[in-house]
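Here's the structure we're looking at; comments come further down.
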Amino acid sequence: MPELPEVEVVRRGIATHVVGRSLIDIQLSGHRVARRHVPGPLDLADRLRGRSVTAALRRGKYLWLELDGAGEALVIHLGMSGQLLVEAPDAPREKHAHALLDLSDGRQLRFVDQRTFGGLQLVSLVPDPFGPGTVPDIITHIAPDPLESAFDQQAVGRAMRRRHTQLKRALLDQSLVSGIGNIYADEALWRARLHGERATDRLTASAVRGVLGHAAAVMTEALGRGGTSFDSLYVDVNGASGYFERSLNAYGRQGKPCRRCGTPMVRESFMNRSSFSCPRCQRRPRVVA
DNA sequence: ACGGAAACCTGCTGGC
DNA sequence: TGCCAGCAGGTTTCCG
């Protein structure tokens, strides 16, 4: 489910519930949810117990809760199917609830993840390589996303044009620009009228700026809708995608008419996943990157 | 340095 | 009805 707008909706949804509260008790189930926390789930739970949350922050698709003291943060990645819910502790436990964190206000923060690609880990905060402030040490390779002030569109555009790679690949490269996933990459490319296989080093600076601008715009629009379309207490995978789906111009529209020119949209396999584009508006390059 | 593929999971859909 | 292939919005890692 989650690309940048969805993760930001989740961040906003939980922020009011967790910031200023402390973690009273933590239950982790299964080995997957804390697999990235090398010392193991018991260590994770022990070190979280009693800590208070001072901020809920995000870069790209990574979310973290800054904890008091020691310069540490609880990093949460939602993977493909992760959800964060704030509920009453006695609410029925979801089938794939892997982490239950009791909050000092009597509520419970739950990490629910069907496919378990997401997870939790406690790490140190280090200086942000891209600006003032700090970030978790495990995400120093993640570039700023288009919606944060540290994002430098000119610099990212230059970096993309220096690479000899395909445009969609570059948009999905979280070390160049973060937060963009398969859906919003296709949407940005459609708006920019560019095929994802265009070579980044053969595009003009303004074309690259254009597609980055479209990526920022479409994610901002999605965020606006996400913010009003679902309850912050229960961010639902199906509810979220079902709602914004109506606004998509490219993703999932194979066979349907292009909303600009009416030509049937096509689906192609790219990077082990699906890409959707208009064969007329987004001309495939003669020379592929 | 880059690209491709596989790995990590569960669940749903569509075809036979 | 069952079975199986294919697919799903992410990231990391390995291999050529």
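Order of the sequence lines fixes the chain letters, A, B, ..., with proteins taken first and strands second; residue numbering starts at 1 for each chain. Computed from a predicted model, the values in this text were never measured in an experiment.
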Would you check, one step at a time, whether the test side-chain hydrogen bond (donor to acceptor under 3.5 Å, both in side chains) holds for A:S274 with A:R267? CA-CA 6 Å; A:S274 295; A:R267 172 177 174 275; 2.9 Å; yes
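- B:dA7 sits 16 Å from C:dA5 when the P atoms are compared, rounded to a whole Å.
- Counting any heavy atom pair closer than 4.0 Å across all strands shown, A:N182 reaches sugar-phosphate atoms only and no base atom.
- Each of A:K95 and A:R35 lies near DNA chain B, and the nucleotide nearest A:R35 is the one positioned closer to the 5' end.
- Residue contacts shown for A:R162 are absent, as no nucleic acid heavy atom lies under 4.0 Å away.
- With B:dA5, C:dG10, B:dC8 as the choices, the nucleotide that has an atom nearest any side-chain atom of A:R32 turns out to be B:dC8.
- Where A:Q174 and A:R115 meet DNA chain C, the nucleotide closest to each residue was compared, and A:R115 sits on the side nearer the 5' end.
- At the phosphate of C:dC7, neither OP1 nor OP2 sits under 4.0 Å from any side-chain N or O atom of A:R273.
- Using modelled atom types, no side-chain atom of A:E8 and backbone atom of A:L4 make a donor-acceptor pair closer than 3.5 Å.
- In terms of the side chain to side chain contact (heavy atoms under 4.5 Å, CB included) criterion, residue partners of A:Q174 (sequence neighbours excluded) are, by chain and number, A:K61, A:I142, A:S178.
- No contact: A:H98 has no heavy atom under 4.0 Å from any strand.
- A donor-acceptor pair under 3.5 Å is formed between the side chain of A:T200 and the backbone N or O of A:M160.
- Nucleotides B:dC9 and C:dG2 are separated by 23 Å at their C1' atoms, to the nearest Å.
- With hydrogens and angles disregarded, a donor-acceptor distance shorter than 3.5 Å links the side chain of A:R32 to the backbone of A:T116.
- Under the stacking definition used here (centres under 5.5 Å, planes under 30°), the residue A:F117 fails to qualify as stacked on the base of C:dT11.
- Protein atom CE of A:M271 is 17 Å distant from nucleotide atom P of C:dC7, rounded to whole Å.
- For the strand DNA chain C, secondary-structure stems (runs of at least three Watson-Crick or G-U pairs, all distances below 3.5 Å) span B:2-8 with C:10-16, B:10-16 with C:2-8.
- Ring orientation note: the planes of A:F111 and A:H98 are tilted relative to one another, at an angle of 30° to 60°.
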